[in-house]
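Everything on this sheet refers to the single structure shown next.
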Amino acid sequence: MLLIHRSERADPLVAALGDVLARPAGDPFATEVVAVPSKGVERWVAQQLSHVLGADDDDGVCANVLFPSYVRLLDEAVASASSEYAESVELWSAERSVWPLMKVIDECAPTEAWAQVLAAHLGLDGTGDKGRRF
């Protein structure tokens, strides 16, 4: 089930989330999924939830909660419904594209006019490696 809570501030949202997660669902070992926009928000939400979840009040435990990015969560949801989308997500994932893109940069940046600004930024224009390639 998808529950959506809205607020102008994050504190009431986390409090509502804590109330939802404090009541166990059908399976006590099921992982709860909370979509977040960034790792910093993930850490803050986990810290806030650790004050309301756990065996005792304020015991500092936030366990069995998965915090994927909302982009990853949406990609996984759509991919589970469409095998074509799943293949395209894998093909265009950032992790998979790093090395082919580096090969293109190495081949094109020193010689192609459209890549001269990039070549200067990376130091591939003959000024020396600036340590920015990756």
Show me the side-chain donor-acceptor pairs of residues 113-124 shorter than 3.5 Å, one per line, residues at least two apart or across chains.
unit_1: Gln116; atom_1: NE2; unit_2: Ala109; atom_2: O; d: 3.3
unit_1: Gln116; atom_1: NE2; unit_2: Glu112; atom_2: O; d: 2.7
unit_1: His121; atom_1: ND1; unit_2: Arg132; atom_2: NH1; d: 3.1

* Can Trp44 be reached from Val65 by stepping across I, L, V, M, F, W or Y side chains whose heavy atoms are under 4.5 Å apart? -> yes

* **From CA spacing to verdict: side-chain contact (heavy atoms from CB on, under 4.5 Å), Leu49, Phe67** => CA-CA 12 Å; Leu49 290 176; Phe67 294 98; 4.2 Å; yes

Counting only pairs under 3.5 Å, give me each side-chain donor-acceptor contact of residues 14-41, with atom names and distances, residues two or more places apart or in other chains.
unit_1: Arg23; atom_1: NE; unit_2: Asp19; atom_2: O; d: 3.2
unit_1: Arg23; atom_1: NH2; unit_2: Asp19; atom_2: O; d: 3.3
unit_1: Asp27; atom_1: OD1; unit_2: Phe29; atom_2: N; d: 3.0
unit_1: Thr31; atom_1: OG1; unit_2: Asn64; atom_2: OD1; d: 2.9
unit_1: Ser38; atom_1: OG; unit_2: Val41; atom_2: N; d: 3.3
unit_1: Lys39; atom_1: NZ; unit_2: Glu42; atom_2: OE1; d: 3.4

* **Residue pairs fulfilling side chain to side chain donor-acceptor pair (under 3.5 Å) with at least one residue in residues 6-15, sequence neighbours excluded** => Arg9-Asp11

* Asked: Would a distance-only check, ignoring hydrogens and angles, find a side-chain to backbone donor-acceptor pair under 3.5 Å from Ser80 to Ala77?
  -> yes

